[in-house]
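See structure below.
Predicted model only: the values in this text are computed from it and were never measured.
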Amino acid sequence: MEIEDDSGVQDLKPGTALPSRSGKSTMVGLDKELIEILNWLDGNSSARDTLSIVGMPGIGKTTFARKIYDHQRVQEIFHVRAWVTVSQNYDERIVLLDLVHSMKKLSGEMHNLETSALKDKLHKNLKGRRYLIIIDDIWDTKVWNDVNRLFPVDKEKSRIILATRLEEVAVYVKSSRFAPYKMRFLNDVESWNLFSEK
């Protein structure tokens with residue numbers, strides 16, 4: 001099932017592959033960083049590109065990625081947006097199903113498809129379209145190598161953002177513009193603003 005508005009941009013509502021939205025997560029600070037990444041997402045480079053967000057557990061990588069993913073500007077410029085959480089126990093088939101589900105392309109019969117057919121379905125749904133993929137909680141360079149092959153390399157200005165706690169994974173993933181973005185601690189003013197909002 002596809003949900004499109006009059007502009008032809010696919011609006012992907014959160015599914016099970018997305019982080020839970022039942023609890024309110026507040027993002028304070030990082031406004032400068034957000035603007036820089038939004039400019040990269042909408043930049044002049046037509047080649048597919050990647051960005052790694054790296055930091056210790058609990059520092060806000062997923063919340064920051066969610067702020068990017070949900071930003072109005074991102075919703076306007078990408079034809080397809082998808083989110084998948086990989087975690088330490090990587091299962092290629094589950095990642096594929098979660099990606100397809102996040103794209104609102106999952107149907108009952110797809111659960112019965114072979115893994116190679118799922119890969120083909122995902123690739124065909126992204127080919128020739130401008131897409132943003134968020135890969136959250138990636139633990140291993142092998143996982144990146146596996147999932148990277150799923151995404152078409154074309155001139156559609158597509159982007160992939162990875163969130164990881166492991167610097168070696170972040171460094172391994174090459175970006176044409178950015179070194180891995182290292183999540184920083186909030187400064188005193190930002191910490192107070194976060195405390196005041198709670």
Side-chain angles (χ1 to χ4, degrees), residues 2 4 8-19 37-38 40-54 61-62 64-66 68-71 73-87 90-107 110 113-164 166 169-181:
E2 244 177 81
E4 293 189 3
V9 175
Q10 193 173 4
D11 181 18
L12 302 176
K13 303 297 182 196
T16 58
L18 298 171
I37 290 172
L38 289 173
W40 167 75
L41 289 170
D42 199 18
N44 293 331
S45 173
S46 63
R48 188 193 82 178
D49 204 358
T50 58
L51 168 69
S52 297
I53 300 171
V54 64
K61 298 179 299 296
T62 300
F64 187 49
R66 165 59 67 192
I68 296 164
Y69 185 85
D70 286 339
H71 198 279
R73 186 168 157 195
V74 168
Q75 294 178 38
E76 292 168 359
I77 62 176
F78 289 97
H79 303 130
V80 178
R81 296 177 307 133
W83 183 295
V84 65
T85 301
V86 178
S87 78
Y90 168 65
D91 183 315
E92 181 181 42
R93 184 169 181 76
I94 290 173
V95 167
L96 285 166
L97 288 169
D98 284 350
L99 278 167
V100 173
H101 180 263
S102 178
M103 294 169 55
K104 299 295 185 205
K105 299 287 185 182
L106 188 62
S107 60
M110 289 185 70
L113 291 177
E114 297 289 327
T115 300
S116 60
L118 280 171
K119 288 178 181 180
D120 187 52
K121 177 106 172 133
L122 176 66
H123 194 272
K124 284 180 180 175
N125 277 292
L126 295 174
K127 186 73 179 159
R129 301 180 82 187
R130 187 174 186 188
Y131 60 84
L132 170 66
I133 307 291
I134 306 281
I135 305 172
D136 190 27
D137 202 20
I138 190 166
W139 282 73
D140 193 339
T141 57
K142 179 196 177 308
V143 174
W144 167 245
N145 289 336
D146 286 352
V147 298
N148 185 36
R149 292 185 193 108
L150 302 173
F151 309 123
V153 178
D154 51 26
K155 299 290 184 187
E156 301 293 335
K157 296 176 79 171
S158 296
R159 304 290 186 256
I160 301 170
I161 297 176
L162 290 89
T164 182
L166 303 173
V169 173
V171 170
Y172 183 80
V173 177
K174 304 286 188 255
S175 172
S176 65
R177 181 165 172 201
F178 283 104
Y181 173 69

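Within the 4.5 Å cutoff, the side chain of R159 has no heavy atoms near those of the L51 side chain. I135 has its side chain within reach of V84: a pair of non-hydrogen atoms, C-beta onward, lies under 4.5 Å apart. At least one side-chain heavy atom of L122 sits under 4.5 Å from a side-chain heavy atom of M103. For the pair T164 and W144, the minimum side-chain heavy-atom distance is 4.5 Å or more. In this structure the side chain of Y172 never reaches within 4.5 angstrom of the side chain of L166, judged on heavy atoms. No side-chain heavy atom of D98 sits less than 4.5 Å from a side-chain heavy atom of W83.
Listed here is the closest heavy atom pair of L132 and F78: N-CD2, 3.6 Å. A pairwise comparison of heavy atoms in E92 and T115 identifies OE1-CG2, 3.8 Å as the closest pair. Scanning all heavy atoms of the two residues, the minimum distance from Q75 to D70 falls at NE2-O, 2.6 Å. In plain terms, the two heavy atoms of K61 and V54 that are nearest each other are CD-C, 3.8 Å.
Interatomic distance, CG of L99 versus CD1 of I134, reported as 11.5 Å (0.5 Å rounding). Separation of atoms CG (D120) and CG (L150) is listed at 11.0 Å; rounding is to 0.5 Å. Considering OG1 of T141 and CG of N148, their distance stands at 12.0 Å, rounded to 0.5 Å. Here I138 contributes atom CD1 and T85 contributes atom OG1; the two are 11.0 Å apart, rounded to the nearest 0.5 Å. Put simply, CG on L162 and CD1 on I133 are 10.5 Å apart, with the number rounded to the nearest 0.5 Å. Annotation: the span from I37 atom CD1 to I53 atom CD1 amounts to 5.0 Å, rounded to 0.5 Å.
Under the side chain to side chain contact (heavy atoms under 4.5 Å, CB included) criterion, L38 pairs with L34, L41, H71, R73, V74, not counting sequence neighbours. Listed by chain and residue number, H123, P152, D154 satisfy the side chain to side chain contact (heavy atoms under 4.5 Å, CB included) test with K127 (two or more places apart in sequence, or in another chain). Take Y181 and apply the ring pair (Phe, Tyr, Trp, His ring centres under 6.0 Å) test, not counting sequence neighbours, and it matches F64.
Within the 3.5 Å criterion, the main-chain N or O of I160 finds no donor-acceptor partner in the side chain of T50. Judged by distance alone, the side chain of N125 and the main-chain N or O of K121 form a donor-acceptor pair under 3.5 Å. Proximity of a side-chain donor or acceptor of E156 to a complementary backbone N or O of R48 within less than 3.5 Å is not detected. A donor-acceptor contact shorter than 3.5 Å is absent between the side chain of K157 and the backbone of N44. Put simply, the side chain of H79 gets close to the backbone of R130: a donor and an acceptor are under 3.5 Å apart. At least one donor-acceptor pair under 3.5 Å links the side chain of S158 to the backbone N or O of Y131. Checking side-chain atoms of S52 against main-chain N and O of P180 turns up no donor-acceptor pair under 3.5 Å.
The cationic group of R81 lies under 6.0 Å from the six-membered ring centre of Y69 and within 45° of the ring axis, placing it in a cation-pi geometry.
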